[in-house]
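Okay, structure first, notes after.
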Amino acid sequence: MRNYLIAGIAMAATFATTPAFAKDVIVQMKNQGAAGAMVFEPAFIQAMPGDTVKFVPTDKSHSAQTIAAMLPAGVAPVIGKPNQEMSIKVDKPGIYGIECKPHTSMGMVALIQVGKGPSANLGAARTVKLPPLAAKRMTPLLAKAR
Ligand SMILES: [Cu+2]
């Protein structure tokens, strides 16, 4: 019994320090999706610290990047190249705004929540000004976020 307890504590310590269950989350960049034209699917992504979110160019002409004012403090911006996968490893909890640069004005935005919340930068993210169609899609995503 005592040995099991020690083994359990050792395992818990291992899982706390290494992202043993880190996963890849795939987001498609599409010309047409359930929410209309020029979309990320899914547009609201929940991830845990250590996960990697991959934006894949399912259709052409898309280019994913972080929205500068919608990142946790200290997180460096990530700017993808057109027609290429953009990958971001999310180590810090918080809110990460994503836009497809060529289609931001058409509403092509996504939101990643890392961790279970409450997110320290959610309030700040909600004050970010976006073009009208982007704001129209971003507002309900921010409403889901914690
Ligand atoms: Cu796009």
Side-chain angles (χ1 to χ4, degrees), residues 7-146:
I9 290 165
M11 277 175 70
T14 303
F15 291 148
T17 52
T18 59
F21 300 119
K23 64 182 186 299
D24 288 351
V25 182
I26 304 297
V27 179
Q28 297 191 56
M29 300 192 279
K30 298 170 77 171
N31 294 350
Q32 191 67 44
M38 305 305 175
V39 290
F40 289 102
E41 278 188 359
F44 183 64
I45 302 113
Q46 285 178 293
M48 293 305 286
D51 289 349
T52 300
V53 184
K54 294 180 173 177
F55 297 88
V56 300
T58 307
D59 293 316
K60 290 211 186 306
S61 80
H62 300 294
S63 184
Q65 63 181 62
T66 51
I67 299 173
M70 297 178 77
L71 285 175
V75 172
V78 178
I79 299 176
K81 294 194 175 81
N83 298 319
Q84 289 186 25
E85 181 177 302
M86 188 278 255
S87 177
I88 178 168
K89 187 166 182 290
V90 289
D91 288 320
K92 267 204 165 187
I95 298 298
Y96 295 63
I98 303 291
E99 64 184 326
C100 170
K101 198 60 184 175
H103 303 129
T104 308
S105 65
M106 296 177 73
M108 191 161 173
V109 292
L111 195 71
I112 309 171
Q113 178 187 328
V114 178
K116 295 187 187 305
S119 300
N121 68 326
L122 179 56
R126 284 181 170 146
T127 67
V128 173
K129 279 275 180 202
L130 293 171
L133 289 178
K136 193 178 171 189
R137 284 192 182 152
M138 186 60 89
T139 301
L141 305 180
L142 286 164
K144 285 184 196 177
R146 299 270 176 272

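Counting starts at 1 for both ligands and their atoms, following the listed order.
- More than 12 heavy atoms of other residues, nucleotides or ligands shown are found within 6.0 angstrom of NZ on Lys23.
- More than 12 heavy-atom neighbours from other residues, nucleotides or ligands sit within 6.0 angstrom of CZ on Arg126.
- Looking only at distances, no side-chain donor or acceptor of Lys60 sits under 3.5 Å from a matching main-chain atom of Asn83.
- From Leu111, atom CG reaches atom CD1 of Ile95 across 5.0 Å, with rounding to the nearest 0.5 Å.
- A distance-only check finds a donor-acceptor pair linking the side chain of Asp59 to the backbone of Asn31 [under 3.5 Å].
- Protein atoms of type N, O or S found under 2.8 Å from the Cu ion (ligand 1) total 4.
- A donor-acceptor pair under 3.5 Å is absent between the side-chain atoms of Gln65 and the main chain of Lys101, judged by distance alone.
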